[in-house]
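Chain letters run A, B, ... following the sequence lines, proteins first, then strands; residues in each count from 1.
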2 protein chains.
Amino acid sequence: MAQPQKSFDAYFKSAFTVDNVIFGFDNGQLKILLIRRNEAPFDNYWGLPGYFVREGEDLDAAAQRVLREVTGLKDVYLEQVKAFGTPGRHDFGRVITIAYYSLVKVEDFELHAAGVAQEVAWHSVSDIESLAFDHEEIVQVAFHRLKRSIRSRPIGFELLPPAFTLTDLQHLYEAIWELDLEKRNFRKKILSMNLLKDLGRSQKGVAHRPAKLYSFDEGRYRELEEDGFNFELKEGKRK
Amino acid sequence: MAQPQKSFDAYFKSAFTVDNVIFGFDNGQLKILLIRRNEAPFDNYWGLPGYFVREGEDLDAAAQRVLREVTGLKDVYLEQVKAFGTPGRHDFGRVITIAYYSLVKVEDFELHAAGVAQEVAWHSVSDIESLAFDHEEIVQVAFHRLKRSIRSRPIGFELLPPAFTLTDLQHLYEAIWELDLEKRNFRKKILSMNLLKDLGRSQKGVAHRPAKLYSFDEGRYRELEEDGFNFELKEGKRK
DNA sequence: AAAGATAGTGTGAAGTGTACAATAACCAGT
DNA sequence: ACTGGTTATTGTACACTTCACACTATCTTT
């Protein structure tokens, strides 16, 4: 560090954290992973997984670390949402938090408590309340961001297993957008994009006509993207 | 501050700043307001207006303050872009910057040097180079964000004078999206949204048929928004 | 074999996007 | 006053997409 001039010292008194809104899709519902804290402040409150960023640690890396601590996963879809820094949001001093959201496949891991977390659990987005710090606001902003992002980027697949049905995909969109979509039109639209690979397999043992299984064809997406293709879904009406 | 436990002290050694990418639209071109710094680090480099956030100062407020110092304006359109915090991006220690962009009307003020700035000037977005810190990256990210935002929110008007022609508006979109739009279709689309108030006046003294002047009808927009209306423009092809 | 359930398909009407062309209004110079 | 130059504004036909609804297919269970 070159000449840390005396006059600037006063500014180097803050801390910053990352908080990660981890979304999962389970049983037709959009969920968020919360931890029950076991340290001050907000001891015993539910809140977002997050912690102070370490010296020399990049922000994205810190968010990934937090995610790994709770889920054991790495290389997960991650997007920065926004910095929250209202003075007084943290008891210990001036603490800015950089909020992220990530998308994980719920069946990829088992939950296990760790670090600040004495308990970890999935919560429905719709009944989130009394979280630590300003985490409720962060969840709202992240959720809103997710709603927009899945319109213009094929990231919904990050929440689904590698093989899924068109109905699964539709339910995912319906859960995130909080509305109902028209089956026929949704299918036509998504299939017309040529982003899904028909796996040639079907569901087994369901008490009705089995649905075909698809996977997201990432290579294909990159090809199309280079040709100027834009993924884009509309939120219709209804609900 | 309640119990700032000893073990957390080590985290309270960072500083954070705000940097503001101030966009203006002048003469058919999208411009960014840059300052030439007169203090270390990067003394004498061009860079974004920005400074350390003060103790007890909200992030948004800090961004507004920085903007006011350079332009004299307040209550300007402001949007947070992203936090940049790569370790080593600042010589004095760990410094996170929260990047914002704002949209101003260039004719609303005179530029005047102040604070860290020994010189202030508009620069074309297209020829930005060798800025202080990671400001080039910040500009790119902010520009990219602007491109997306003007698609789905009626914020382009923030860059235009209170009365403008449809052609002005089209040129604005063309400058931001860096492509050409089809006149007829652009007009039809924008007029069909019913967001423009026909001022009943026209240009004066132009050597051709004078264009009608419009203003953005913000009240109308809020009404429509409540009815579920969504502002949405597409980037067509071309260029 | 019938009932129950969800998957997958056809289709017409309405609405939008696209491309091009024709007409209108103003200034400057003759 | 008339003409040319220049930009504004409007008409319209065709292609493509969205929307709404109904019908057929396939599998399990009883």
Original post:
Under 4.0 Å between a side-chain N or O of A:Arg187 and OP1 or OP2 of C:dG8?
Top reply: yes

Subject >> Interface with DNA chain D, restricted to residues 191-200 of chain B and to heavy atoms under 4.0 Å >> reply: none

Original post:
Is a salt bridge present between B:Arg153 and B:Glu79, judged by a nitrogen-to-oxygen distance below 4.0 Å?
Top reply: yes

**OP:** For residues 122-134 of chain B, pull every pair meeting side-chain hydrogen bond (donor to acceptor under 3.5 Å, both in side chains), keeping only residues two or more places apart or in separate chains.
**Re:** B:Gln29-B:Ser124, B:Arg89-B:Asp134

Quick one: side chains of residues 199-207 of chain B, donor-acceptor pairs under 3.5 Å with protein atoms, not counting sequence neighbours, listed by atom name and distance.
unit_1   : atom_1 : unit_2   : atom_2 : d
B:Gln203 : OE1    : B:Ala211 : N      : 2.9

Original post:
For B:Tyr101, what residues pass the ring pair (Phe, Tyr, Trp, His ring centres under 6.0 Å) criterion, not counting sequence neighbours?
Top reply: B:Phe23

Original post:
D:dT6 P sits how many Å from B:Gln203 CD, rounded?
Top reply: 16 Å

Subject >> With B:Lys147 via salt bridge (Lys or Arg N to Asp or Glu O under 4.0 Å) - residues at least two apart >> reply: B:Glu178

**OP:** Tell me what B:Thr167 touches on the nucleic acid: a base, only sugar-phosphate, or nothing, going by heavy atoms under 4.0 Å.
**Re:** sugar-phosphate

Original post:
Where along nucleotides 24-30 of chain C does protein come under 4.0 Å, by heavy atom, of base (B) or sugar-phosphate alone (S), with - for untouched nucleotides?
Top reply: BBBS---

**OP:** Take atom CD of B:Glu235 and atom P of C:dT18, then tell me their distance rounded to the nearest Å.
**Re:** 12 Å

Subject >> Interatomic distance where CG belongs to A:Asp168 and P belongs to C:dG8 [whole Å] >> reply: 11 Å

Subject >> Partners passing salt bridge (Lys or Arg N to Asp or Glu O under 4.0 Å) against A:Lys189 (at least two apart in sequence or in another chain) >> reply: none

**OP:** Please report, rounded to the nearest Å, how far the C1' atom of D:dA20 is from the NZ atom of A:Lys183.
**Re:** 13 Å

**OP:** Please report, rounded to the nearest Å, how far the P atom of C:dT16 is from the CD atom of B:Glu232.
**Re:** 13 Å

Original post:
Taking only residues two or more places apart in sequence or in another chain, which ones pass salt bridge (Lys or Arg N to Asp or Glu O under 4.0 Å) with B:Glu225?
Top reply: none

Original post:
Going by the ring pair (Phe, Tyr, Trp, His ring centres under 6.0 Å) test, which pairs reach into residues 183-227 of chain B, not counting sequence neighbours?
Top reply: B:Phe157-B:Phe216, B:Tyr173-B:Phe186

Original post:
For A:Thr86, what residues pass the side chain to side chain donor-acceptor pair (under 3.5 Å) criterion, not counting sequence neighbours?
Top reply: none

Original post:
What's the CG-P distance between B:Leu169 and D:dT9, to the nearest Å?
Top reply: 12 Å

Subject >> Set of residues satisfying salt bridge (Lys or Arg N to Asp or Glu O under 4.0 Å) with respect to A:Arg187, sequence neighbours excluded >> reply: none

Original post:
Expressed in angstrom and rounded to an integer, what is the separation of B:Leu233 atom CG from C:dT18 atom P?
Top reply: 12 Å

Original post:
With respect to the side chain of B:Arg184, which nucleotide from D:dT12, C:dA7, D:dC21 is positioned closest?
Top reply: D:dT12

**OP:** Check whether any side-chain heavy atom of A:Glu235 lies under 4.5 Å from a side-chain heavy atom of A:Arg151, and answer yes or no.
**Re:** yes

Collect all protein-nucleotide pairs involving nucleotides 15-18 of chain D in which both atoms are nitrogen or oxygen and the distance is under 3.5 Å.
unit_1 : atom_1 : unit_2   : atom_2 : d
D:dT18 : OP1    : A:Lys189 : NZ     : 3.3

**OP:** Send over the distance from A:Lys212 NZ to D:dC27 P, rounded to a whole Å.
**Re:** 13 Å

